[in-house]
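Before any comments, here is the structure.
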Amino acid sequence: MPQLTPGQAAPDFTLADATGTPVHLADLLRNHREGCVVYFYPRASTPGCTKEACDFRDSLAAWEQAGYGVVGVSPDSQAAIARFAATQSLPFPLLSDPDHSVMEAWGAWGEKKSYGRTLTGVIRSTVVLGKDGAVKLAKYNVKATGHVGRLRKELGLD
């Protein structure tokens, strides 16, 4: 699937959170002054995904002060994301996209290289949206470590 680019309208979505409650992109945008950070991660409770989620958790106050909400999306089950959120004390929503339809629409699902092999799966990605739902920044194939800090710096939040 094509990746999103700055200025493009992000595809709308509704996905279930860890409790099964539907979460709508429009509500996430409406509830935050500047917009929302949507990050896609491969699998809950793995080392890289834990590092990335904890980086977002640890800098959440700065994101919120700048007017942004944060939400994570993975193909994990609701039970898996509930355990992950509880274990890591994640205060932002994690959403389940088991059929990866949202990830496909956002360009975060496709072929990737892992340890020299080509496979199909989640492409670790982060998309920052403005209040109007337009893409401000889209990063694909990111590394878990240091990614959140680089995003904040690029957006001028640090």
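Positions are given from 1 along the sequence.
Proximity of P98 to H100: side-chain heavy atoms (C-beta onward) are nowhere separated by under 4.5 Å. Under the 4.5 Å side-chain criterion, counting only non-hydrogen atoms from C-beta, L129 is in contact with V127. Looking at V135 and T5, their side chains never come closer than 4.5 Å, going by heavy atoms from C-beta outward. In this structure the side chain of C49 reaches within 4.5 angstrom of the side chain of P42, judged on heavy atoms. Using a 4.5 Å heavy-atom cutoff, the side chains of V128 and L155 are in contact. Counting heavy atoms from C-beta outward, V70 and V38 have side chains that stay 4.5 Å or more apart. By the 4.5 Å heavy-atom criterion applied to side chains, D97 and S101 are counted as neighbours. At least one side-chain heavy atom of L60 sits less than 4.5 Å from a side-chain heavy atom of E64.
Taking CD of E34 as the start and CG of L29 as the end, the distance is 11.5 Å to the nearest 0.5 Å. We find the CG-OG1 distance between L151 and T126 to be 5.0 Å, quoted to the nearest 0.5 Å. Atom NE2 of residue H24 and atom CG of residue D12 lie 9.0 Å apart, to the nearest 0.5 angstrom. Taken to the nearest 0.5 Å, the CZ atom of R150 stands 9.5 Å off from the NZ atom of K143. Note that CD of Q8 and CD of Q3 are 10.5 Å apart. Values are rounded to the nearest 0.5 Å.
Side chain of W106 to backbone of P11: a donor-acceptor contact under 3.5 angstrom is found. Between the side chain of T21 and the backbone N or O of D17, no donor-acceptor pair lies under 3.5 Å. Side-chain N or O atoms of R33 include one that pairs as donor or acceptor with a backbone N or O of A66 at under 3.5 Å. With hydrogens and angles ignored, the 3.5 Å screen pairs a side-chain donor or acceptor of T46 with a backbone N or O of R43. The backbone N or O of A44 lies less than 3.5 Å from a partner atom in the side chain of D76, making a donor-acceptor pair.
Using modelled atom types, one finds no donor on one side chain facing an acceptor on the other under 3.5 Å when comparing Y39 with K139.
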Residue pair F84, Y41: steps toward the side-chain contact (heavy atoms from CB on, under 4.5 Å) verdict: CA-CA 12 Å; F84 184 43; Y41 63 99; 4.0 Å; yes
Chi angles and distances behind the side-chain contact (heavy atoms from CB on, under 4.5 Å) call for W63, F56: CA-CA 9 Å; W63 285 106; F56 274 114; 3.9 Å; yes
From CA spacing to verdict: side-chain contact (heavy atoms from CB on, under 4.5 Å), K112, T118: CA-CA 6 Å; K112 62 182 184 173; T118 301; over 6 Å; no
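Smallest separation of non-hydrogen atoms from S125 and A108: OG-CB, 3.8 Å. Summarising the geometry of R152 relative to A62, their closest heavy-atom pair is NH2-CB, 3.6 Å, with the distance given to 0.1 Å. Heavy-atom minimum distance, P22 versus T14: CB-CG2, 3.8 Å. Between A144 and G48 the shortest heavy-atom distance is CB-O, 3.2 Å. Nearest heavy-atom pair, C54 versus Q88, reported as atom, atom and distance to 0.1 Å: SG-OE1, 3.4 Å. Across all non-hydrogen atoms, the minimal contact from I123 to G110 is CD1-N, 3.7 Å.
With respect to D55, the side-chain contact (heavy atoms from CB on, under 4.5 Å) criterion is satisfied by exactly one of T145, V148, T50: V148. Of the listed residues (H32, K131, K136), just one forms a side-chain hydrogen bond (donor to acceptor under 3.5 Å, both in side chains) with Y68, and that residue is K136. Shown are V73, T19, L90, L94; of these, the side-chain contact (heavy atoms from CB on, under 4.5 Å) with I81 is made only by L94.
Criterion: ILVMFWY side-chain heavy atoms under 4.5 Å apart, direct or through other members. Under it, F13 and L4 are part of a common hydrophobic cluster. Cluster annotation: Y140 is connected to W109 through the hydrophobic network of ILVMFWY side chains, with a link wherever side-chain heavy atoms come within less than 4.5 Å. When hydrophobic clusters are built by joining Ile, Leu, Val, Met, Phe, Trp and Tyr residues whose side-chain heavy atoms come closer than 4.5 Å, directly or via intermediates, M103 is grouped together with L25. V23 and V37 are assigned to two separate hydrophobic clusters, defined by single-linkage of ILVMFWY side chains at heavy-atom distances under 4.5 Å. Under the 4.5 Å side-chain heavy-atom criterion for grouping Ile, Leu, Val, Met, Phe, Trp and Tyr, V122 is connected to V71 within one hydrophobic cluster.
E52 has a carboxylate O that lies under 4.0 Å from a charged side-chain N of R124, or vice versa, which qualifies the two as a salt bridge.
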